[in-house]
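Taking it in order: structure first as structure tokens, then the write-up.
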Amino acid sequence: MSVLNKDFLWGGAIAANQVEGAYKADGKGLSLVDLLPAGDERKEPLFNPANALNQQFDYYPSHESIDFYHRYKEDIKLFAEMGFKALRLSISWPRIFPNGDESEPNEDGLAFYDELFDTLEHYGIEPIVTINHFDTPYYLAEQYGGWYNRQTIDYFVNYATVLFKRYSKRVKYWITHNEINMILHIPYIGGGLIIKDTDHKEQIMYQAAHHQLVASSLATKIAKEIDPTNQIGCMLAAGDVYPNTCNPVDIMAALKKNREQYIFIDVQARGEYPSYSKRLFDELGININKAVGDDELLKQYTVDYISFSYYSSRLESGDDEVNKHKEAGNAFASLKNPYLEASNWGWQIDPVGLRVTMNQIYDRYQKPLFIVENGLGEIDEVSEDGKIHDSYRIKYLSEHLTQMKEAVKDGVPLLGYTSWGCIDIVSAGSGEMKKRYGYIYVDRDNRGNGSLNRIRKDSFYWYQNVINSNGEDLSY
Ligand code: P53
């Protein structure tokens, strides 16, 4: 008997905007990321699009990306060789609705995913489909104000309905929005928001998030009408926030930070805004405009399961002076935890934090969990023997999977584990190829040079054995 169920969904995760490339092929419209450059240059347009987006950059990593659009058959074959039971992928919204506001979908875009699902089916790999992974059509952002505009709900629902009608026979597990709380940290890709310095930033972000929540409930309603076996999940960028010390002031600060991530999942899992939201909104000076029926809709159509990404825990102080020492690292700033080591990108590595986070989420919601992102973004070198000896990645994954199993033993129901970037892809935060998560190396650098050839890393064979033993053999 293994710790995990025999139908545990082992696999990997990718997102259209970070793998497909072919950015104008077959009628596709522009994605938000298609205007973003790579490396240091990316920061400004990503975090400050109103001022820095419309420059000409000399290289856009998403335009070709890893060319998954043309190479998916070969890539899925490699996933199957590792024994994948599941692949989390996203559908590119602007491939289906190039501008977002059309009434009819782009048939060529739909046909691409038909073939993709055929290929997965051929290998017995279950698709886990994210409907919106940082991929609101750019046109909706530019012309309509993205998710701040209530009309975007209708466009999303129209898009989601097309997907449910076309693919419900092939797809059972859906995720409406990737990392819904990321809208507070990267509002451009999270919500198609181009916020100006003079705008009331929080008002825009929380109002846009409200529209995403309503859209998610409406999509859930329609998914169930089309096929009651459809399973709809929300998706949280998770990672428990620890207090910096046992000073009660720090404990309270950490609790508040945790609520900042849970607020939207509270709505999606329990069906209403939590009681603490009133004070939060008052203090931020914001007022959520709701339409008649929104509250009832949110209450009636909650999610079936809770999916989340976990890369790291975080650390928060109740003292503003101390918090000034937060390390940027990524979109989630954190104090440095002296007990943890960090990756080359400053992401602190905390396997036990995964067990903590899983228990916290389950205690809060009592719905099945699904780990749909986890992994180590690191620099890989091709050795003289032509191989990639990524022992650091194997160690990271082994330690996280060990803690994942501990959480399952604690009683947390878990549907599956899909590690992030199972093949090297373009980083969302930095636009780099150099930040690699994969079991499969892709020969391409930060400037787009390279053959795009795929090479199995050491971790490929290691993960193959993990899946084969249903997680019992995590040795390395
Ligand atoms: P990259 C920051 C913090 C936590 C999750 O991120 C994040 C981000 C975005 O930078 O996003 C998720 O590529 C997201 C993926 C993304 C992945 O984490 O910056 O769902 O699209 O690629 C890793 O290393």
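Counting starts at 1 for both ligands and their atoms, following the listed order. Quick caveat, the model's predicted, so the values are computed rather than measured.
Distances between N or O atoms of Tyr437 and those of ligand 1 include at least one value under 3.5 Å. Checked against a 3.5 angstrom limit, the closest N/O atoms of Gly429 and ligand 1 fall inside it. Not a single N or O atom of Ser430, backbone or side chain, sits closer than 3.5 Å to an N or O atom of ligand 1. When only interatomic distances are considered, the shortest N/O to N/O separation between Phe332 and ligand 1 does not fall below 3.5 Å.
Residue contacts with ligand 1, taken as heavy atom pairs separated by less than 4.0 Å, involve Ala428 via backbone and side-chain atoms alike. At a heavy-atom distance under 4.0 Å, no atom of Ile425 approaches ligand 1. Counting heavy atoms under 4.0 Å from ligand 1, residue Trp347 touches it through the side chain alone.
Residues Tyr439 and Gln464 bring no donor and acceptor atom of their side chains to less than 3.5 Å of each other. Judged purely by distance below 3.5 Å, without hydrogens or angles, the side chains of Trp420 and Gln18 never pair a donor atom with an acceptor atom.
Using a 4.0 Å heavy-atom cutoff, His133 is listed among the residues neighbouring ligand 1.
Leu236 has its side chain within reach of Tyr262: a pair of non-hydrogen atoms, C-beta onward, lies under 4.5 Å apart.
Within the structure, every pair that satisfies the side chain to side chain donor-acceptor pair (under 3.5 Å) test and touches residues 179-193, not counting sequence neighbours, is listed here: Glu179-Ser309.
When all heavy atoms are compared, the tightest approach of Ala215 to His177 is CB-NE2, 4.4 Å. In terms of heavy atoms, Tyr392 sits closest to Ile379 at OH-O, 3.4 Å.
Using a 4.0 Å cut-off to heavy atoms of Asn178, the atoms of ligand 1 that qualify are 14 (C), 20 (O). Near Phe134, the atoms of ligand 1 lying under 4.0 angstrom from a non-hydrogen atom of the residue are 14 (C), 21 (O). Atom numbering of ligand 1 starts at 1 in the shown order; those under 4.0 Å from a heavy atom of Lys435 are 1 (P), 19 (O), 24 (O). The ligand atoms of ligand 1 that sit less than 4.0 angstrom from a heavy atom of Ser427 are 1 (P), 13 (O), 19 (O), 24 (O).
Scored by the salt bridge (Lys or Arg N to Asp or Glu O under 4.0 Å) test, Arg95 finds Glu20 as partners (sequence neighbours excluded).
Note on ring orientation: taking the six-membered ring where Trp is involved, the planes of Tyr60 and His63 are parallel (angle under 30°, cut-offs 30° and 60°).
Counting heavy atoms of neighbouring residues, nucleotides and ligands inside a 6.0 Å radius, atom NZ of Lys395 does not exceed 12 of them.
Of the candidates Arg436, Arg42, Glu179, Glu179 brings a heavy atom nearest to atom 7 (C) of ligand 1. For atom 18 (O) of ligand 1, the nearest non-hydrogen atom from the set Met182, Glu373, Glu432 belongs to Glu373.
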